[in-house]
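As the structure is a prediction and not an experimental result, all values here were calculated from the model. Numbers restart at 1 for each chain; the letters A, B, ... are given by sequence-line order, proteins then strands. The figures that follow rest on heavy atoms only: side chains count, while hydrogens, waters and symmetry mates do not.
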Amino acid sequence: TQLLEQSPQFLSIQEGENLTVYCNSSSVFSSLQWYRQEPGEGPVLLVTVVTGGEVKKLKRLTFQFGDARKDSSLHITAAQPGDTGLYLCAGRPYNAGNMLTFGGGTRLMVKP
Amino acid sequence: KAGVTQTPRYLIKTRGQQVTLSCSPISGHRSVSWYQQTPGQGLQFLFEYFSETQRNKGNFPGRFSGRQFSNSRSEMNVSTLELGDSALYLCASSPLAAGANVLTFGAGSRLTVL
């Protein structure tokens, strides 16, 4: 069974601060996705990283896939209250269709 | 374009009962995956269907089953409910069954077992 360890579990910061969320595994994934989930809703895809070492930017969010395709990070610059939510990483094993392995999630609260 | 629709949104059952949850994927999507989300275990994969065939199955007991119809709509069934089955059940649809796919999740069906 492939596991994804996500840290930190909880993060409470002030508006304007930077933060980084980490996702680590001992297993190799064909791709890794990051989702954000709001209360009462399903997860919404933010980004998919496919190539080892890949870096993708989405406005103030920067996503990185590790060279060995075992880990990933999400960095948010100048966090805003609208960034509040549950952030989930999900790894796609090879030859596993849409059977994603999810990290435990990081619950982020950004206070004004 | 309509998103993924899950029904019912909320339901309460008692131990020993069974439950059926429904998922209507985005039009044109042929793959439907089901996940269970709990505070303790997070999101765990239940099963995936593509063109009416189960493609993958997670590590859940046989009480959890599912099926997909020719119009790609999917149902999952949980029999002999246990307290630990209380969870948010999420359905996700995608056009394909493999690759760096975009999964679109529904809002979920929140099941409470008393």
Side-chain angles (χ1 to χ4, degrees), chain A residues 1-10 21 23-25 27-52 54 56 58 63 65 69 72 85-107, chain B residues 3-6 9-10 21 23-26 29-51 53-60 66 68 72 74 87-110:
Chain A
T1 304
Q2 297 180 292
L3 297 175
L4 263 177
E5 299 289 334
Q6 191 171 339
S7 63
Q9 281 187 286
F10 302 97
V21 178
C23 208
N24 296 292
S25 175
S27 304
V28 178
F29 293 102
S30 65
S31 65
L32 196 135
Q33 298 178 324
W34 285 90
Y35 292 82
R36 190 172 96 177
Q37 186 176 19
E38 308 273 1
E41 299 179 10
V44 175
L45 180 68
L46 295 174
V47 78
T48 299
V49 284
V50 180
T51 306
E54 182 176 4
K56 278 192 174 178
L58 186 66
F63 305 86
F65 199 14
R69 311 167 76 95
S72 181
L86 177 67
Y87 289 82
L88 296 156
C89 61
R92 184 187 299 275
Y94 286 93
N95 302 315
N98 287 318
M99 185 172 68
L100 302 183
T101 299
F102 277 85
T106 295
R107 194 164 295 281
Chain B
V4 178
T5 303
Q6 291 189 246
R9 287 294 310 278
Y10 304 91
L21 308 177
C23 173
S24 293
I26 290 173
H29 284 193
R30 295 166 63 189
S31 171
V32 173
S33 307
W34 289 90
Y35 289 82
Q36 181 197 64
Q37 186 174 28
T38 59
Q41 299 297 320
L43 269 125
Q44 293 187 292
F45 174 81
L46 281 157
F47 25 66
E48 177 192 6
Y49 289 89
F50 183 80
S51 295
T53 302
Q54 187 178 88
R55 295 291 295 265
N56 290 293
K57 190 175 192 304
N59 189 25
F60 279 83
Q68 186 180 35
S72 294
S74 178
L88 180 66
Y89 290 88
L90 292 160
C91 161
S93 79
S94 66
L96 304 171
N101 234 339
V102 176
L103 292 186
T104 303
F105 283 85
S109 292
R110 184 166 294 281

Check: Nearest 0.5 Å, what's the OG1-CD distance between A:T101 and B:Q44?
Finding: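 It is 10.0 Å, given to the nearest 0.5 Å.
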
Item checked: Distance, nearest 0.5 Å, that separates CZ of A:F102 from OH of B:Y35 ->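 Going from CZ on A:F102 over to OH on B:Y35, the span is 5.5 Å.
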
Next item on the list: Test side-chain contact (heavy atoms from CB on, under 4.5 Å) on B:F50 and A:N98 and set out the steps.
Entry: CA-CA 10 Å; B:F50 183 80; A:N98 287 318; over 6 Å; no

Notebook entry, point to check: Can you name the nearest heavy-atom pair linking A:M99 to B:F45, along with the distance?
Noted result: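 Residues A:M99 and B:F45, closest heavy atoms: CG-CD2, 3.2 Å.
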
Note to self: Please find the pair of heavy atoms, one from A:A96 and one from B:N56, that lie closest to each other, and give the distance.
What the structure shows: O-ND2, 3.2 Å

Notebook entry, point to check: Is it the backbone or the side chain of B:Q37 that comes under 4.5 Å from a heavy atom of chain A, or both, or neither?
Noted result: side chain

Next item on the list: Under 4.5 Å heavy-atom distance to chain A, tell me which part of B:R110 shows up: side chain, backbone, both or neither.
Entry: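 B:R110 has no heavy atom closer than 4.5 Å to chain A.
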
Item checked: Heavy-atom contact with chain B under 4.5 Å, split by part of A:Q37 -> side chain

Checklist line | Segment of A:L86 engaging chain B (4.5 angstrom heavy-atom cut-off) | finding: side chain

Margin query: With chain B as the partner, which of A:G40, A:G42, A:P43 has the greatest number of non-hydrogen pairs under 4.5 Å?
Written below: A:P43

Next item on the list: Heavy-atom pairs under 4.5 Å with chain A are the metric here; pick the option from B:A92, B:A107, B:G40 that has the most.
Entry: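 Looking at each option in turn, the highest pair count goes to B:A107.
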
Next item on the list: Output the option from B:L88, B:L103, B:L90, B:L46 having the highest count of non-hydrogen pairs under 4.5 Å with chain A.
Entry: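 The residue among B:L88, B:L103, B:L90, B:L46 with the greatest pair count is B:L103.
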
